[in-house]
Trainee: 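I have a structure here, written as structure tokens, and I will follow up with some questions on it.
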Amino acid sequence: MKKILLTGGLGYIGSHVAVELIDKGFEVIILDDLSNSELFVLDRIKEITGKDIIFEKGDIRDYDFLYHLLSRYNIEGVIHFAAKKAVGESVQKPLLYYDINVSGLICLLKALGDHSIKKLIFSSSCTVYGSPDSFPVTEQTPFGDTPSPYGKTKQMCEQILEDASLIADYDIVSLRYFNPVGAHPTGKIGELPKGVPNNLVPFITQTAAGLRDELSIFGSDYNTPDGTAIRDYIHVVDLARAHVRALEANLGKYVALNVGTGKGHSVLEVVKTFQEVTGVNLPFKIVDRREGDIPEIFGDTNFANHKIGWKAEKGLAEMLKDAWRWQKSLLK
Ligand code: NAD
Ligand code: UD1
């Protein structure tokens, strides 16, 4: 059985990937410092899969800890989720973001090199494309201007990985996530935003649950069919399955893949679909655009479909139904 290390594996995306990997017969070892996750998630992964998981609490920037962890287990591949991800916070705390996201990756690469571990999957983001002007974006679309330190760390990390792959025998895949939403269909794991959510879907589910008064829709004057901004929302379980495929594929050196559905949905479409599938009324108002937001992005996923034999299967209705089930489970 192949042993796979998930850094940041108790987080939103890592926990869903852990479930899918265990389902496919992999043995999972999770490293997390619990800075943005809760230990109960470990029990939930065990409940869903019926399998035991090794958990190591520690920081990705701690080389000795990493070195010894990799020495203890015969790890064949690593999926690197551990990072900070709040765009606004990254503007306030740029050094923290460069330290965890960039120095953390370099520390991991050193430890992998010292153990001759070649397989690495990296959590990148469509934010590397900045604000593109033609759609869908392909992997050949150049990196664009991304105003936040968070976005810049993803561009830097991809550059570091590509350069590292030129001088050593690596097999590295960067997965450029579009907008991951939803939760596991069991309702046992999902996103756990701290404080007021910045992202659309958690804000919608918290408003529907009565935890927030109303949703603010940021801008209705974009050059889009209904004036609200367009994104490529992807179900977190589909996204998780892409990691399993990327791990199983032998792509060699370095490759970056778009992981989205290839379809764009506007904010108003998301709101309407949420009301339709849940039957819950969602109070909302239109306000000014949010600073730093781009009007539109969705991805061309043909390259990923072909390279790793993967395609997103779940639509917006299922994403929102599952997000709502998860939100309701948190209220109990
Ligand atoms: P998350 O915050 O839920 O998970 C990250 C996990 O890493 C958390 O459990 C946290 O405790 C852990 N962690 C943070 N710093 C650490 C450190 N120094 N050492 C060890 N563990 C540490 O985030 P997520 O949504 O699951 O995102 C996972 C990855 O995907 C991140 O790299 C993120 O930038 C990237 N990504 C996320 C999205 C998204 O919308 N969620 C979109 C694009 C890319
Ligand atoms: C944001 C980040 C991006 C990150 C992604 C996933 C910014 C500028 N970008 O993307 O780097 O990879 O999250 O974590 O923060 N919206 C509302 N009302 C709300 C919240 C959001 O109308 O209360 C709108 C936004 O304007 C946007 C869409 O909903 O048009 C999606 O927003 P969000 O979920 O925050 O994701 P992104 O902005 O696409």
Side-chain angles (χ1 to χ4, degrees), residues 6-17 30-39 41 56-62 65-66 79-91 96-97 99-101 103-105 107-108 122-131 146-148 150-151 153-154 157 174-181 190-194 196-204 206-207 212 214-220 222 224 228-234 236 239-240 243 259-260 265-268 270-271 284-297:
L6 309 189
T7 75
L10 288 188
Y12 174 43
I13 297 168
S15 55
H16 289 82
V17 173
I30 290 180
L31 174 175
D32 204 299
D33 69 353
L34 299 174
S35 56
N36 199 36
S37 50
E38 304 287 340
L39 205 47
V41 175
E56 298 274 354
K57 183 168 185 266
D59 193 311
I60 190 71
R61 293 163 294 174
D62 181 346
F65 163 73
L66 270 183
I79 310 186
H80 183 43
F81 302 102
K84 302 280 294 171
K85 62 166 183 178
V87 175
E89 186 191 44
S90 78
V91 178
L96 181 70
Y97 274 69
D99 191 26
I100 295 180
N101 295 11
S103 308
L105 174 69
C107 185
L108 175 66
F122 173 69
S123 297
S124 189
S125 165
C126 67
T127 197
V128 298
Y129 297 117
S131 184
T146 167
S148 72
Y150 168 73
T153 67
K154 292 298 175 191
C157 287
S174 282
L175 297 180
R176 293 179 181 158
Y177 310 162
F178 280 70
N179 284 57
V181 297
E191 198 168 1
L192 280 172
K194 285 195 172 150
V196 182
N198 292 311
N199 294 121
L200 179 64
V201 172
F203 204 103
I204 288 178
Q206 289 196 5
T207 306
R212 313 271 158 216
E214 60 184 347
L215 170 75
S216 293
I217 294 184
F218 299 137
S220 62
Y222 286 110
T224 59
T228 63
I230 290 176
R231 298 288 184 272
D232 183 345
Y233 299 94
I234 174 167
V236 65
L239 176 66
H243 292 74
V259 191
H265 293 286
S266 73
V267 179
L268 270 175
V270 176
V271 169
F284 68 85
K285 63 178 175 198
I286 308 277
V287 300
D288 286 348
R289 294 178 180 193
R290 180 171 67 178
E291 205 187 320
D293 269 355
I294 58 171
E296 179 167 0
I297 191 163

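None of the values given here were measured: they were computed from a predicted structure. Excluded from the calculations below are hydrogen atoms, water molecules and symmetry mates; all remaining heavy atoms, backbone and side chain alike, are included. Atoms within each ligand, like the ligands themselves, are counted from 1 in listed order.
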Trainee: I'd like to know whether ligand 2 has S125 as a neighbour, heavy-atom separation below 4.0 Å.
Mentor: yes

Trainee: Say whether R290, considering both its backbone and side-chain N or O atoms, lies within less than 3.5 Å of an N or O atom on ligand 2.
Mentor: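 N/O-N/O distance under 3.5 Å: yes.
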
Trainee: If the cut-off is 4.0 Å to any non-hydrogen atom of S37, which atoms of ligand 1 fall inside it?
Mentor: 8 (C), 9 (O), 11 (O)

Trainee: Which atoms of ligand 1 are found less than 4.0 Å from any heavy atom of S124?
Mentor: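 Reading through ligand 1 atom by atom, the close ones are 43 (C), 44 (C).
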
Trainee: Would you say the side-chain atoms of D33 pair up with the backbone N or O of S35, donor to acceptor, closer than 3.5 Å?
Mentor: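 Yes; judged by distance alone, with no hydrogens or angles, the pair exists.
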
Trainee: Check each of I13, L239, I30, N198 against atom 27 (O) of ligand 1 and report the one with the nearest heavy atom.
Mentor: I13

Trainee: Near K194 NZ, under 6.0 Å, is it more than 12 heavy atoms from other residues, nucleotides or ligands?
Mentor: yes

Trainee: Answer side chain, backbone, both or neither: which part of C126 comes under 4.0 Å from ligand 1, heavy atoms only.
Mentor: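 C126 to ligand 1: no contact under 4.0 Å from either part.
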
Trainee: Can you check which of L105, N179, D33 brings a heavy atom nearest to atom 22 (C) of ligand 1?
Mentor: D33

Trainee: Is there a donor-acceptor pair under 3.5 Å between the side chain of K154 and the backbone N or O of S123?
Mentor: yes

Trainee: Quick one: which ligand 1 atoms are inside 4.0 Å of a heavy atom on G11?
Mentor: 3 (O), 4 (O), 9 (O), 26 (O)

Trainee: Considering non-hydrogen atoms of the protein only, which is the closest contact for atom 40 (O) of ligand 1, and what is the distance?
Mentor: P180 CD, 3.2 Å

Trainee: Determine whether V17 and I13 make a side-chain contact, defined as any pair of heavy atoms from C-beta on separated by less than 4.5 Å.
Mentor: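 Side-chain contact under 4.5 Å: yes.
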
Trainee: Using a 4.0 Å cut-off to any heavy atom of I100, which atoms of ligand 1 qualify?
Mentor: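 With I100 as reference, the close atoms of ligand 1 come out as 15 (N), 18 (N).
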
Trainee: Is the backbone of K84 close enough, under 3.5 Å, to the side chain of N101 for a donor and an acceptor to pair up by distance?
Mentor: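 Side chain of N101 to backbone of K84: a pair is present.
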
Trainee: So, T7 side chain and F81 main chain: donor-acceptor pair closer than 3.5 Å or not?
Mentor: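 The answer is yes, because a donor-acceptor pair under 3.5 Å joins these two groups.
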
Trainee: From atom 29 (C) of ligand 1, work out which of Y97, Y150, F81 has a heavy atom at the shortest distance.
Mentor: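 Result: the heavy atom closest to atom 29 (C) of ligand 1 is in F81.
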
Trainee: Can you name the atoms of ligand 1, numbered from 1 with element, that are less than 4.0 Å from a heavy atom of L34?
Mentor: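 Going through ligand 1 atom by atom, the ones under 4.0 Å from L34 are 11 (O).
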
Trainee: Is it the case that the ring center of Y177 lies less than 6.0 angstrom away from the ring center of H243?
Mentor: yes

Trainee: Among N36, I60, V41, which one has a heavy atom closest to atom 19 (N) of ligand 1?
Mentor: I60

Trainee: Compute the minimum heavy-atom distance from Y222 to ligand 2 and say whether it is under 4.0 Å.
Mentor: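 For ligand 2, residue contact (heavy atoms, under 4.0 Å) with Y222 is absent.
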
Trainee: How far is atom 15 (O) of ligand 2 from its nearest protein heavy atom, and which residue and atom name does that atom have?
Mentor: V87 CG2, 3.4 Å

Trainee: Pick whichever of Y233, Y177, F178 has a heavy atom sitting closest to atom 36 (N) of ligand 1.
Mentor: Y177

Trainee: If you measure from atom 14 (C) of ligand 1 to every heavy atom of G58, G9, S35, G14, which option wins on shortest distance?
Mentor: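 Nearest heavy atom to atom 14 (C) of ligand 1 lies in S35.
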
Trainee: Checking the side chain of S216 only, and the main-chain atoms of F218 only, is there a donor and an acceptor separated by less than 3.5 Å?
Mentor: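 Side chain of S216 to backbone of F218, a donor-acceptor pair under 3.5 Å: no, none is there.
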
Trainee: Can you tell which part of K154 has a heavy atom less than 4.0 Å from ligand 1: side chain, backbone, both or neither?
Mentor: side chain

Trainee: How far apart are the closest heavy atoms of D32 and S37, and which atoms are they?
Mentor: OD1-OG, 3.2 Å

Trainee: Counting distance only, does the side-chain N/O of T224 pair as donor-acceptor with the main-chain N or O of A229 below 3.5 Å?
Mentor: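 No, T224 side chain to A229 backbone: no donor-acceptor pair under 3.5 Å.
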
Trainee: Considering only heavy atoms of S125, which atoms of ligand 1 have at least one such atom less than 4.0 Å away?
Mentor: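 Listed by number with element, the hits are 43 (C), 44 (C).
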
Trainee: Kindly indicate whether a cation-pi arrangement holds for R289 with Y222, taking the cut-offs as under 6.0 Å to the six-membered ring centre and within 45° of the axis.
Mentor: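 The answer is yes, since R289 meets both limits relative to Y222.
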
